[in-house]
2 protein chains.
Amino acid sequence: LIELDGLFKTYEVGTQKVPALKNITIDVKETEYLAIMGPSGSGKSTLMNIIGCLDIPTEGSYRLKGREVGTLDDDELAEIRSAEIGFVFQTFNLLPRMTAFQNVELPLIYGRASRKGRSDRVWETIDAVGLKERAHHRPSELSGGQRQRVAIARALINRPSIILADEPTGNLDSTTGEEIMQIFRQLNNAGNTIILVTHEQYIAEHARRIVKLLDGEVASDTTA
Amino acid sequence: LIELDGLFKTYEVGTQKVPALKNITIDVKETEYLAIMGPSGSGKSTLMNIIGCLDIPTEGSYRLKGREVGTLDDDELAEIRSAEIGFVFQTFNLLPRMTAFQNVELPLIYGRASRKGRSDRVWETIDAVGLKERAHHRPSELSGGQRQRVAIARALINRPSIILADEPTGNLDSTTGEEIMQIFRQLNNAGNTIILVTHEQYIAEHARRIVKLLDGEVASDTTA
Ligand SMILES: Nc1ncnc2c1ncn2[C@@H]1O[C@H](COP(=O)(O)OP(=O)(O)OP(=O)(O)O)[C@@H](O)[C@H]1O
Ligand SMILES: Nc1ncnc2c1ncn2[C@@H]1O[C@H](COP(=O)(O)OP(=O)(O)OP(=O)(O)O)[C@@H](O)[C@H]1O
Ligand SMILES: [Mg+2]
Ligand SMILES: [Mg+2]
């Protein structure tokens, strides 16, 4: 499904080069459940952004379902992102002037579902993350963990087959975090592929495989 | 130092009332080290914002060093916030067009230190949180955990006697999180008062007292 081969990502800050990823080679098969761990700044979000087609590598190959992502044009990338990938951002990236409901509904707006069909699905997903009573609040009227759950709901609403979650429980207490992990468990059992970044060992242990990054490189790749 | 008595905070969303804090009575003495825990949405950040003079209660009393905060005018509140309180926000609140260095330096700009004196102190604090190599990056050029550490450095730069940290290790791996806890430990040993919100038990155990919130109320208040 996902084949990264000799991937490099180097940022440029003024004249300085920041090598965020070096020589990354990882294969992820359909229905896998993978956790990515590593110290702050080790390249986890950078790797997720490339897998999620939000950024392109400086060097190396990324094949998604056999297609070389670097050769796709913007429309094809946008299509993949909306149809196949659900992305939970480390910093949520919610639209501040829309309510939780509207933020979660957004990925459905250009789809084929009727307004009633959309609304039912939005309520179902908002309920699944425990936010029914907060659906009409805007992000500034929500707690940190509530915003995180809106971001999770929005990522899942289109029933993507690949779920990329960057520290999805970072702002959640252990009970609420466990409820989110239950959702991911069900989605994986249903055949979806899950890659989650976490710095918490007990969250990583929900996955069946743990890749550890260190300074932009793969330090270990362990299957349970 | 901090006396909350019968504190209520109720938000209004449209016509709906959201009772975020109910009947909170807590005393915090100088040099205490207190952790606040509780489920997502239980009122922790709301409580921190009131203690930090960033928001006012709907009802009840908050005395800081014997002065009723509700009776102070905006200038007096701004003075307290800049001189006495260092606040690490759950969502960092960094200025996007400034570098990490400039963000950390900001609270010093209106003070009495010379530019060289400021610069030395900024480098010292940036180094203490492990960000020397990233000082000239802007927030969008930093990882989540690096942004969190810029927020921490900025909160500490003015050497405030009261440190309020809202989930300061939420985006940090355990090693980096431990380094931050060491800094807090040293500051507390030096006589500063620390209140930190966390949902992680092993972080809360660094404190000497744990207050647990549930649905806006104090559910337990335990001294180690
Ligand atoms: N500006 C606001 N307007 C309306 N409701 C609000 C506002 N800010 C917070 N709330 C609500 O008040 C409650 C408490 O919010 P608060 O941010 O204090 O929670 P928290 O304990 O910090 O949660 P988390 O662990 O998720 O950060 C939440 O249910 C939230 O939806
Ligand atoms: N746009 C950018 N420009 C320059 N450097 C960047 C940029 N984005 C990230 N970096 C740097 O690349 C490195 C990897 O960043 P990344 O966000 O992938 O780390 P991370 O593993 O997700 O960290 P964290 O656990 O703190 O979220 C960091 O050292 C960061 O400073
Ligand atoms: Mg990250
Ligand atoms: Mg909060």
Side-chain angles (χ1 to χ4, degrees), chain A residues 11-16 18 20 37-46 48 89-92 94 99-100 129-131 133-149 166-167 169-177 179-180 197-204 212-214, chain B residues 11-16 18 20 37-46 48-49 89-92 94 99-100 129-131 133-149 166-167 169-177 179-180 197-202 204 212-214:
Chain A
Y11 292 110
E12 291 181 25
V13 181
T15 55
Q16 200 198 347
V18 179
M37 301 186 79
S40 174
S42 54
K44 308 180 293 296
S45 298
T46 302
M48 292 290 267
F89 293 92
Q90 186 171 6
T91 48
F92 320 152
L94 302 179
T99 64
V129 298
L131 286 180
E133 272 105 57
R134 293 285 181 266
H136 302 304
H137 287 225
R138 274 169 285 126
S140 61
E141 299 166 329
L142 292 173
S143 78
Q146 290 167 347
R147 289 174 207 170
Q148 188 155 40
R149 284 181 276 157
D166 196 344
E167 309 219 19
T169 61
N171 280 285
L172 300 176
D173 56 281
S174 46
T175 306
T176 314
E179 293 167 11
I180 296 302
V197 168
T198 181
H199 62 257
E200 301 189 76
Q201 189 69 32
Y202 74 88
I203 294 288
K212 294 197 177 179
L213 295 188
L214 190 60
Chain B
Y11 292 110
E12 291 181 24
V13 181
T15 55
Q16 198 198 351
V18 177
M37 301 187 78
S40 174
S42 55
K44 306 179 295 295
S45 297
T46 301
M48 292 289 267
N49 289 340
F89 294 91
Q90 185 171 7
T91 47
F92 318 153
L94 302 180
T99 64
V129 299
L131 286 181
E133 272 106 58
R134 294 286 181 265
H136 303 303
H137 287 225
R138 274 169 286 125
S140 61
E141 299 166 329
L142 293 172
S143 78
Q146 291 167 345
R147 290 175 206 169
Q148 189 155 37
R149 285 180 275 158
D166 197 343
E167 308 217 21
T169 61
N171 281 284
L172 301 176
D173 57 281
S174 47
T175 305
T176 315
E179 293 168 10
I180 296 304
V197 167
T198 180
H199 62 255
E200 302 189 76
Q201 189 70 31
Y202 73 89
K212 294 196 178 181
L213 296 187
L214 189 61

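Everything numeric here is computed off the predicted structure, so don't read it as measured data. Naming: A, B, ... by sequence-line order, numbering from 1 per chain.
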Under 4.5 Å to a heavy atom of chain B? For A/Q146 that would be both

_Just by distance, no angles: are the side chains of A/Q90 and A/S45 close enough, under 3.5 Å, to form a donor-acceptor pair?_
yes

Checklist line | Any B/P139 side-chain heavy atom under 4.5 Å of B/L94 side chain | finding: yes

Under 4.5 Å to a heavy atom of chain A? For B/Q16 that would be side chain

In terms of heavy-atom pairs under 4.5 Å with chain A, the winner among B/T46, B/T176, B/V13, B/T169 is B/V13

The interface call for B/R138 against chain A, heavy-atom contacts under 4.5 Å, is neither

Shortest non-hydrogen pair, B/M48 vs B/D166, comes out as CE-N, 4.1 Å

Bottom line for B/S143: the part with an atom under 4.5 Å from chain A's heavy atoms is side chain

* Do A/H199 and B/L172 come within less than 4.5 Å of each other through their side chains, counting heavy atoms only? -> no

Checked A/D173, A/T91, A/T198, A/T175 vs chain B; the most non-hydrogen pairs under 4.5 Å come from A/D173

Interface check, chain B: of A/R149, A/M37, A/K44, most non-hydrogen pairs under 4.5 Å belong to A/R149

Between the CD atom in A/E167 and the CZ atom in A/F92, the distance rounded to the nearest 0.5 Å is 10.5 Å

Counting heavy-atom pairs under 4.5 angstrom with chain A, the leader among B/G43, B/G145, B/G14, B/G38 is B/G145

Honestly, the part of B/Q148 sitting under 4.5 Å from a heavy atom of chain A is neither

Cut-off 4.5 Å, heavy atoms of chain B, and the answer for A/E200 is side chain

- Query: Can you check whether B/R134 reaches A/V18 side chain to side chain, under 4.5 Å on heavy atoms?
  - Reply: yes

d(A/R147 CZ, A/S140 OG) to nearest 0.5 Å is 7.0 Å

